[in-house]
Amino acid sequence: MYSKRIAETLSGRLHAIPGQLATVVLVLTAVGIVHAEGEKQVYRPVGAPTAPKVPAQWNRYHDYSESAKLFADLAAAHPEYARLVSLGKSYGGRDMWVMTVSDFSASDDRRKPGFWIDGAIHANEIQATEVVLYTAWYLLEMRPESPQIQQLLRERVFYLMPMMSPDSRDAHFYEANSTNSPRTGQRPVDDDQDGRVDEDGPDDINGDGHISTMRVKDPHGRWKSHPDFPNLMVPVKEGEKGQYSLLGAEGIDNDGDGQVNEDGDGSYDPNRDWGWMWQPEYVQRGAYRYPFSILENRLVADFIVDHPNIVGAQSYHNSGGMILRGPGSKEDAFDAADLRVYDAIGKRGEQLLPGYRYINIANDLYEVWGGEVDWLHQARGVFTFTNELFTPFNYFRSTGHEGFFGSNEVQHAFDRYLLLGDGSIPWREFDHPTFGKIEIGGFKKNWVRQPPAFLLEEECHRNMAFTLYHADELPLVKVTSARAIMLAGDLREITAIIENPKITPTHSVADVRGKITPPDLVTVSGAELQVLSGMSSNEAFFQQPSETKRNPHQIKLDSIPGHGLIYVRWLVRGAGPYRITVETVKGGQHELTVE
């Protein structure tokens with residue numbers, strides 16, 4: 001209304017305004033400070049796309065079908081930048097979707113440094129999927145407005161798998177579970193060795209869709225209600241009289257063996273199945289039959305092996321606010337040079353993710369045998385982090401909360417004052433077929449491990465930003481300079497500098513030691529060129545060069561270090577121009593012509 005009146009007034013009076021001022025008014029009108037009829041200025045908060053082709057909400061969780069549709073819609077809306085493929089079917093018949101995101105017009109995606117991102121190998125860790133979905137959405141929808149993302153997609157390729165355990169993740173959504181279940185997959189396992197499988201899992205006695213806690217009134221019990229938070233049970237002190245005994249997770253004795261909830265879904269751990277430092281069940285709880293005996297993991301491993309350009313990776317879990325690196329076993333070790341790369345990236349992560357700690361799995365958390373992060377680094381040479389999403393720091397933006405999930409008092413205070421009680425189930429009485437009159441209550445399945453709606457988008461964005469920082473620090477080789485000088489007769493000396501300005505080397509020490517991917521190649525070529533000798537050095541004066549005796553036109557390098565230079569030199573016969581080419585599996589390619 002007001003914009004229309006202003007425009008009409010200005011239009012009617014321009015003849016009375018001196019020429020220079022009239023021009024200013026016309027310019028203001030053109031740029032939108034004065035609006036024409038029907039126009040509306042868009043106010044875009046920084047860090048968000050103005051008009052996404054695929055709108056999405058990030059204050060809610062997406063189930064399997066919603067996630068698959070979001071991926072399909074993104075691939076259809078951005079065909080120049082997104083490709084979708086199924087690696088195969090899960091145990092439950094769900095497609096294992098992977099989206100490849102890159103600028104496909106720039107170069108072949110397999111010739112770019114690759115970054116693998118996965119989530120929810122533990123199915124109840126549902127926000128892990130959301131971070132992967134958000135990353136794909138943000139890269140594609142923010143690209144038109146972000147020169148940084150445009151450059152990232154020109155130089156890198158991302159492979160994104162949102163659900164490593166899609167069957168159990170949907171089970172967490174639509175079946176009665178606690179915040180901790182199901183961590184396993186859905187293949188039936190005879191946990192109690194009675195000849196039957198998955199016959200005695202938790203039961204939703206009160207029918208509310210959650211598996212909470214059972215308690216029974218007991219004057220000799222060792223538990224009582226917290227004085228400030230009635231839903232919270234706390235142990236009594238020595239000599240103090242109790243009020244209740246705790247009976248464990250909600251359930252009944254379905255198989256009549258005198259035990260409750262001893263044989264539920266699966267029981268194996270998909271993150272104890274990988275082919276590095278694997279140990280059987282009696283050593284590593286949750287191990288399945290043998291390495292890669294879980295189909296979903298084998299599909300992922302086959303894809304990664306088939307993409308040797310993958311040099312960085314990120315796996316998302318929950319909870320506790322941690323940026324984890326391997327090794328998972330104290331018997332294993334990462335080389336010091338590789339650890340310097342991890343430290344540089346991990347320390348930046350602590351800045352980007354307030355309340356998160358960058359730590360080592362084996363020494364700072366607990367030991368893991370057959371973990372994905374160790375297989376990726378030690379068997380594939382890939383620099384990999386595991387982020388435990390959602391930190392107790394976020395409860396009240398303060399430190400000092402103990403454990404993975406913070407203190408019980410802080411959880412209940414957060415539920416009372418910020419969730420307004422929506423995260424908990426008040427205690428209610430029920431008749432139990434074995435225990436008689438009991439009470440059922442506690443936290444809902446969608447609180448404690450998973451952030452509430454209003455914190456989910458921030459969790460997604462900050463973790464994505466850390467991952468994109470890591471991806472931007474993947475190796476990116478370049479022939480920085482080259483020169484040819486004339487020697488005696490028809491001899492020429494060609495010297496070139498190969499640079500990697502990023503933190504990550506073209507090969508980790510684990511890669512070089514295991515000969516996982518081929519060495520880097522620096523080649524000189526030209527018409528009727530005869531190469532007499534070739535050498536490389538870590539310094540410009542070639543005081544201790546490494547000579548290439550066979551095929552001297554092509555110098556092999558074990559690795560081009562992060563933030564490093566390699567000097568190469570050839571003695572040749574033949575006039576220029578000369579083409580210097582560097583080719584790497586994990587650090588890209590580049591060439592330079594010297595006259």
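In this text, all values refer to a predicted model and were calculated from it rather than measured experimentally. Counting from 1, the numbers follow the sequence of the chain as shown.
The two residues K445 and N177 make their nearest non-hydrogen contact at CB-O, 3.1 Å. Across D203 and I252, no two heavy atoms sit closer than the pair OD2-N, 3.0 Å. Here the shortest heavy-atom pairing between G209 and D204 reads N-OD2, 2.7 Å. Of all non-hydrogen atoms in P162 and L133, the two that sit nearest each other are CB-CD2, 3.9 Å. Minimum heavy-atom separation, N124 to Q450: O-NE2, 3.2 Å.
No side-chain donor from either of D253 and Q259 sits under 3.5 Å from a side-chain acceptor of the other. Side-chain atoms of Y358 and D343 include a donor-acceptor pair closer than 3.5 Å. A side-chain N or O of S293 and one of D273 form a donor-acceptor pair less than 3.5 Å apart. Checked by atom type, the side-chain pair R187/Y268 shows a donor-acceptor distance below 3.5 Å. H122 and D269 share a donor-acceptor pair across their side chains, judged by distance under 3.5 Å alone. For the 3.5 Å distance criterion, the side chains of N206 and D208 qualify, holding a donor opposite an acceptor. Between S319 and E388, the side chains place no donor N or O within less than 3.5 Å of an acceptor N or O (distance only, hydrogens not considered). A donor atom on one side chain and an acceptor atom on the other are found under 3.5 Å apart for Y244 and R215. A donor-acceptor pair shorter than 3.5 Å cannot be found between the side chains of R156 and S102.
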R298 vs D302, salt bridge (charged side-chain N to carboxylate O under 4.0 Å, His left out): CA-CA, chis, key distance, verdict: CA-CA 6 Å; R298 191 162 69 251; D302 287 346; 5.2 Å; no
Check against side chain to side chain donor-acceptor pair (under 3.5 Å), Y174 and D63: CA-CA 9 Å; Y174 297 114; D63 67 10; 2.4 Å; yes
Pair T129-E125, side-chain contact (heavy atoms from CB on, under 4.5 Å): steps then yes or no: CA-CA 8 Å; T129 293; E125 300 173 358; over 6 Å; no
Trace of the salt bridge (charged side-chain N to carboxylate O under 4.0 Å, His left out) decision for E281 with R285: CA-CA 5 Å; E281 171 72 24; R285 183 181 177 188; 5.3 Å; no
F443 and H210: CA distance, side-chain angles, deciding distance, ring-ring contact (aromatic ring centres under 6.0 Å, His included) verdict: CA-CA 9 Å; F443 281 137; H210 305 273; over 10 Å; no
Worked check of ring-ring contact (aromatic ring centres under 6.0 Å, His included) between W447 and F414: CA-CA 11 Å; W447 164 233; F414 188 94; 5.2 Å; yes
Residues E458, R397; criterion salt bridge (charged side-chain N to carboxylate O under 4.0 Å, His left out); working and verdict: CA-CA 13 Å; E458 180 183 3; R397 303 296 197 204; 3.0 Å; yes
Candidate pair W375 and F292, rule ring-ring contact (aromatic ring centres under 6.0 Å, His included), full reasoning: CA-CA 11 Å; W375 178 80; F292 298 122; 5.6 Å; yes
Derivation of the ring-ring contact (aromatic ring centres under 6.0 Å, His included) call for Y138 and H461: CA-CA 9 Å; Y138 196 88; H461 189 89; 5.1 Å; yes
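Considering CE of M322 and CD1 of I361, their distance stands at 9.5 Å, rounded to 0.5 Å. Note that CD1 of I211 is 12.5 Å distant from OG1 of T179, once rounded to the nearest 0.5 Å. Separation of atoms NE2 (H62) and CH2 (W58) is listed at 5.0 Å; rounding is to 0.5 Å. For the atom pair OH of Y469 and CG of L352, the computed distance is 8.0 Å after rounding to the nearest 0.5 Å. With values rounded to the nearest 0.5 angstrom, R357 atom CZ is found 8.5 Å from L365 atom CG. The distance from atom CG of N231 to atom NE2 of H412, rounded to the nearest 0.5 Å, is 6.5 Å.
Between R143 and D103, none of the side-chain N atoms (NZ, or NE/NH1/NH2) sits under 4.0 Å from a carboxylate O, so this pair counts as no salt bridge. Under a 4.0 Å N-O distance rule, the pair K444/E250 does not qualify as a salt bridge.
In E409, the CD atom is crowded: over 12 heavy atoms of neighbouring residues, nucleotides or ligands sit closer than 6.0 Å. Heavy-atom neighbours of F454 CZ from other residues, nucleotides or ligands within 6.0 Å: above the threshold of 12.
Using a 4.5 Å heavy-atom threshold, the side chains of R449 and L389 count as separate. In this structure the side chain of T467 never reaches within 4.5 angstrom of the side chain of N463, judged on heavy atoms. Residues V101 and M99 have side chains in contact (heavy-atom distance under 4.5 Å, counting atoms from C-beta outward). Put simply, the side chain of I516 reaches to within 4.5 Å of the side chain of D511, judged on heavy atoms. Side-chain atoms of K586 and V382, non-hydrogen and from C-beta on, do get closer than 4.5 Å to each other. F334 is listed as a side-chain neighbour of D374, based on a closest heavy-atom distance under 4.5 Å.
Remark: the backbone N or O of V509 is paired with a side-chain donor or acceptor of D338 at under 3.5 angstrom. Looking only at distances, no side-chain donor or acceptor of S86 sits under 3.5 Å from a matching main-chain atom of W97. Of the possible polar contacts, none joining the Q279 side chain to the W369 backbone as a donor-acceptor pair under 3.5 Å is found. Remark: the backbone N or O of K53 is paired with a side-chain donor or acceptor of E141 at under 3.5 angstrom. With S407 contributing its side chain and V410 its backbone, the two residues share a donor-acceptor pair below 3.5 Å. Between the T213 side chain and the G442 main chain, no donor and acceptor come within less than 3.5 Å of each other. In terms of modelled atom types and a separation under 3.5 Å, the side chain of Y91 and the main chain of E296 share no donor-acceptor contact.
For R380, the side-chain hydrogen bond (donor to acceptor under 3.5 Å, both in side chains) test picks out no residue, with sequence neighbours left out. Taking the side-chain hydrogen bond (donor to acceptor under 3.5 Å, both in side chains) definition, one finds that S315 meets it with D118, H317, E372, sequence neighbours left out.
Residue pairs satisfying the side-chain hydrogen bond (donor to acceptor under 3.5 Å, both in side chains) criterion with at least one member in residues 303-314, sequence neighbours excluded, are listed as follows: R110-D306, R110-H307, Y159-N309, Q314-N387.
Classification of the F158-F115 ring pair by plane angle, with boundaries at 30° and 60°, yields tilted. Ring-plane geometry between F303 and W116 is classed as tilted, the angle between the planes lying from 30 to 60 degrees on a 0 to 90 degree scale.
The salt bridge (charged side-chain N to carboxylate O under 4.0 Å, His left out) test with R60 is passed by exactly one of E130, E457, E66: E66.
Outside the 6.0 Å centre-distance limit, the rings of F173 and Y61 are not counted as a close aromatic pair.
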